[in-house]
There are 2 protein chains.
Amino acid sequence: MFELKQLKQLVTVAESGTLSKAAELLHLSQPALSRSMQKLEEELQVSLFERQKNKISLNQNGEMAMEYARKVLRQSQDLITHIRVLDRRQHTISVASCAPTPLWEIKPMLSAIFPEITISTVIKGKNQLLQGLNEDTYQMVIMPEPLIAPDIYCTKYGDEHLYFSLPPDHPLSGCKELPFKSLDGETMLLLSQIGFWHDLHIQKMPNTHFLIQEELFAFGELVKASALPSFTSDIIIKRAGSASNRINIPISDIEANVTYYCLCKSNQKKKLLPFFEKLKNE
Amino acid sequence: MFELKQLKQLVTVAESGTLSKAAELLHLSQPALSRSMQKLEEELQVSLFERQKNKISLNQNGEMAMEYARKVLRQSQDLITHIRVLDRRQHTISVASCAPTPLWEIKPMLSAIFPEITISTVIKGKNQLLQGLNEDTYQMVIMPEPLIAPDIYCTKYGDEHLYFSLPPDHPLSGCKELPFKSLDGETMLLLSQIGFWHDLHIQKMPNTHFLIQEELFAFGELVKASALPSFTSDIIIKRAGSASNRINIPISDIEANVTYYCLCKSNQKKKLLPFFEKLKNE
DNA sequence: GTAAGTTACGAGCGACGTAAAAATG
DNA sequence: CATTTTTACGTCGCTCGTAACTTAC
């Protein structure tokens with residue numbers, strides 16, 4: 001039986017036209033390649049080249065062999081890529097969330113429960129979450145609403161309540177609570193990569209000019225240094241505290257108070273069970 | 001890059017269940033196989049087996065790898081078989097004929113003209129001839145009638161006239177010529193492998209009992225030794241002479257006088273041109 | 001104790017590179 | 001004379017088999 005190495009060589013010879021060029025491309029001496037091709041011909045019991053003293057070219061057999069060789073090599077490459085994807089799947093849990101804050105707790109929990117497994121997380125829109133869950137791109141997704149569907153396991157994770165973060169001298173800073181629309185039209189600081197919140201802000205405050213900040217650290221500095229209103233939430237405050245020069249006022253709209261749900265395919269529930277158990281106990 | 005040898009080994013291990021069995025099937029020591037599989041895992045950068053001290057079994061990766069390996073090996077085998085068929089095609093001319101006698105001359109002619117090429121011949125029925133020509137199983141066929149068709153080249157080869165071969169004391173042995181039906185009902189000697197003649201005899205002499213003889217030499221001996229009528233032809237007589245104790249009487253039916261035609265696909269005509277030229281000159 | 005798998009070690013075969021030869025333009 | 005291919009030859013490395021060790025039934 002011939003070997004893949006020889007098929008690769010055959011294809012390279014076909015592509016480059018001469019043994020010398022091919023040998024160079026293959027990081028091989030030219031005589032070695034010459035012998036290897038002779039051996040391939042022996043093993044196939046068929047001549048593959050038209051030989052003319054100091055010139056060589058594929059004959060009809062060689063052309064056909066090359067085409068088949070390409071196929072075999074392509075499938076071999078497929079084997080490698082697919083097997084590595086499969087392996088990776090088994091050693092990683094991909095979690096996608098509609099918002100960043102749930103991951104702050106969930107990712108460390110998963111890492112603690114599955115120490116051998118890499119936890120990869122990403123923020124995506126609701127549609128992408130469900131599509132990715134369906135296509136097994138994500139083993140678990142965090143949604144801002146429950147989903148009852150066959151073959152989907154859905155369990156409550158926790159709440160998040162949104163606040164305006166206002167400087168003390170803001171006209172509305174004394175209020176007990178405020179609707180979105182009360183600040184609509186002003187200029188606000190906004191962090192990017194906040195998932196569904198972004199869409200919500202734009203929808204509820206269409207006249208507001210948002211200064212989008214990509215970096216978390218830079219965003220924090222801007223909040224401290226400027227008098228521009230921004231958003232925060234109970235989860236953020238609990239974790240990072242509140243900026244000293246800020247007053248946090250709850251947002252009264254119902255949409256500003258979300259409950260997050262963890263979703264996974266039913267056939268993944270068993271694998272994730274330790275996580276769901278721990279969730280229930282806390 | 002892994003090698004086909006390793007894929008073959010993986011499949012064998014999967015099929016036999018243990019390394020030891022597989023090693024035996026592969027004519028390899030068990031430690032060598034163990035190492036080879038470890039190397040495959042290294043090269044794929046993926047574990048393929050569930051190892052339990054003195055037991056080994058494919059894991060999920062291994063199962064998938066095995067399926068891909070099967071595909072790759074099947075295609076590799078395809079490469080071998082198809083390339084050999086192609087090669088054979090280039091080094092042989094397959095000629096099929098409706099009757100044996102034309103081949104007596106044609107086969108040596110082809111061998112002389114194409115000394116590098118193997119001439120393979122076979123006797124087939126008319127339908128099989130045309131089908132085989134169409135499917136490129138035969139590069140040339142000899143038919144007892146012309147065929148005008150697109151992409152088919154057709155040229156006359158020669159005639160054959162059928163004779164009854166009768167013992168001198170046969171009641172009809174003095175006739176100048178005889179129709180088939182004049183001997184219908186008698187018992188006759190008949191050689192097998194005579195192509196379309198066989199069908200013709202049965203059709204024109206439905207009441208005759210034919211003693212079929214497979215072997216040419218045995219047939220000749222029977223003709224000499226017995227008083228049973230048989231067939232011969234001008235071509236046979238010219239080549240092998242007539243048995244001394246026989247009188248040959250032409251058969252008067254029009255079907256007993258055939259003209260043979262050489263047919264080939266138009267795209268093969270160029271390749272066979274030297275043959276057709278020589279045919280024309282003789 | 002037998003059967004299976006891994007590790008260790010030494011040997012042989014095969015593939016490689018260098019060198020040389022032949023042929024072409 | 002440069003380029004390309006094939007053949008010759010010596011070396012190195014890889015894979016093999018044997019042997020030893022471990023574990024399980």
Side-chain angles (χ1 to χ4, degrees), chain A residues 1-63 65-66 69 72-73 76 80, chain B residues 1-63 65-66 69 72-73 76 80:
Chain A
M1 191 69 158
F2 56 84
E3 286 298 347
L4 288 180
K5 195 197 298 187
Q6 292 166 289
L7 298 188
K8 177 69 191 154
Q9 292 170 352
L10 175 64
V11 170
T12 307
V13 171
E15 285 172 351
S16 62
T18 75
L19 287 183
S20 320
K21 289 263 185 193
E24 195 176 345
L25 291 173
L26 292 162
H27 308 293
L28 197 68
S29 74
Q30 188 273 342
L33 181 58
S34 176
R35 277 188 309 252
S36 183
M37 292 296 91
Q38 288 168 20
K39 185 145 174 282
L40 180 60
E41 288 178 297
E42 272 177 39
E43 284 161 342
L44 291 174
Q45 300 168 14
V46 151
S47 83
L48 298 173
F49 300 95
E50 213 67 73
R51 289 188 164 76
Q52 301 158 10
K53 289 297 179 190
N54 82 340
K55 196 152 165 267
I56 202 172
S57 56
L58 289 182
N59 62 20
Q60 201 176 340
N61 293 336
E63 294 287 350
M66 182 205 62
V72 173
L73 291 169
S76 301
I80 293 181
Chain B
M1 190 68 157
F2 55 86
E3 286 298 345
L4 288 180
K5 194 197 298 186
Q6 292 166 288
L7 298 188
K8 177 72 191 151
Q9 292 170 352
L10 175 65
V11 170
T12 307
V13 171
E15 285 171 352
S16 62
T18 74
L19 286 184
S20 320
K21 289 263 184 195
E24 195 177 344
L25 290 172
L26 291 162
H27 310 293
L28 197 68
S29 75
Q30 187 272 341
L33 181 57
S34 176
R35 277 187 309 252
S36 183
M37 291 296 91
Q38 288 169 18
K39 187 145 174 280
L40 180 59
E41 288 177 298
E42 272 177 40
E43 284 161 342
L44 290 175
Q45 299 166 15
V46 152
S47 83
L48 298 173
F49 300 95
E50 213 66 70
R51 290 187 162 77
Q52 302 158 10
K53 289 298 178 187
N54 84 340
K55 197 151 164 267
I56 202 173
S57 56
L58 289 182
N59 63 19
Q60 202 177 342
N61 292 336
E63 294 285 351
M66 182 204 64
V72 173
L73 291 170
S76 301
I80 293 181

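Naming: A, B, ... by sequence-line order, numbering from 1 per chain.
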Nearest-0.5 Å distance, CD of residue A/Glu63 to CG of residue A/Leu58: 5.0 Å
Roughly how far apart are B/Thr12 OG1 and B/Leu25 CG, rounded to 0.5 Å? 6.5 Å
Distance under 4.0 Å to a non-hydrogen atom of chain B counts as contact; along DNA chain C, which nucleotides mark the start and end? C/dA3 to C/dC9
Separation of atom [atom1] in [X] from atom [atom2] in [N], rounded to whole Å:
| X | N | atom1 | atom2 | answer |
| --- | --- | --- | --- | --- |
| B/Leu33 | D/dC14 | CG | C1' | 16 Å |
| B/Leu40 | D/dT15 | CG | P | 12 Å |
| A/Lys55 | D/dT5 | NZ | P | 10 Å |
| B/Lys39 | D/dC16 | NZ | C1' | 13 Å |
| B/Gln38 | D/dC14 | CD | P | 16 Å |

Do any side-chain atoms of residues 1-9 of chain B form donor-acceptor pairs under 3.5 angstrom with protein atoms, and if so which ones, sequence neighbours left out?
residue : atom : partner : partner atom : Å
B/Glu3  : OE1  : A/Leu4  : N            : 2.8
B/Glu3  : OE1  : A/Lys5  : N            : 3.4
B/Glu3  : OE2  : A/Lys5  : N            : 3.3
B/Gln6  : OE1  : B/Glu3  : N            : 2.8
B/Gln6  : NE2  : B/Glu43 : OE1          : 3.1
B/Gln9  : OE1  : B/Ser36 : OG           : 2.5

Return a table of donor-acceptor pairs under 3.5 angstrom between the side chains of residues 48-56 of chain B and protein atoms on other chains or two or more places apart.
residue : atom : partner : partner atom : Å
B/Arg51 : NH1  : B/Glu41 : OE1          : 3.0
B/Arg51 : NH1  : B/Glu41 : OE2          : 3.2
B/Arg51 : NH2  : B/Glu41 : OE1          : 2.9

For [X] and [Y], work out which heavy atoms get closest and say how close.
| X | Y | value |
| --- | --- | --- |
| A/Ser47 | A/Asn61 | O-ND2, 2.9 Å |
| B/Ala22 | B/Leu33 | CB-CD2, 3.6 Å |
| B/Met66 | B/Ala14 | SD-CB, 3.1 Å |

Which pairs with one or both residues in residues 13-37 of chain B pass salt bridge (Lys or Arg N to Asp or Glu O under 4.0 Å), sequence neighbours excluded? B/Glu15-B/Arg70
Please answer whether the main-chain N or O of A/Val72 pairs with a side-chain N or O of A/Ser76 as donor and acceptor at a distance below 3.5 Å. yes
Shorter than 3.5 Å, N or O on both sides, protein versus nucleotides 18-22 of chain D: list them out with atom names.
none

Below 4.0 angstrom, which residues in residues 4-11 of chain A have at least one non-hydrogen atom near DNA chain D? none
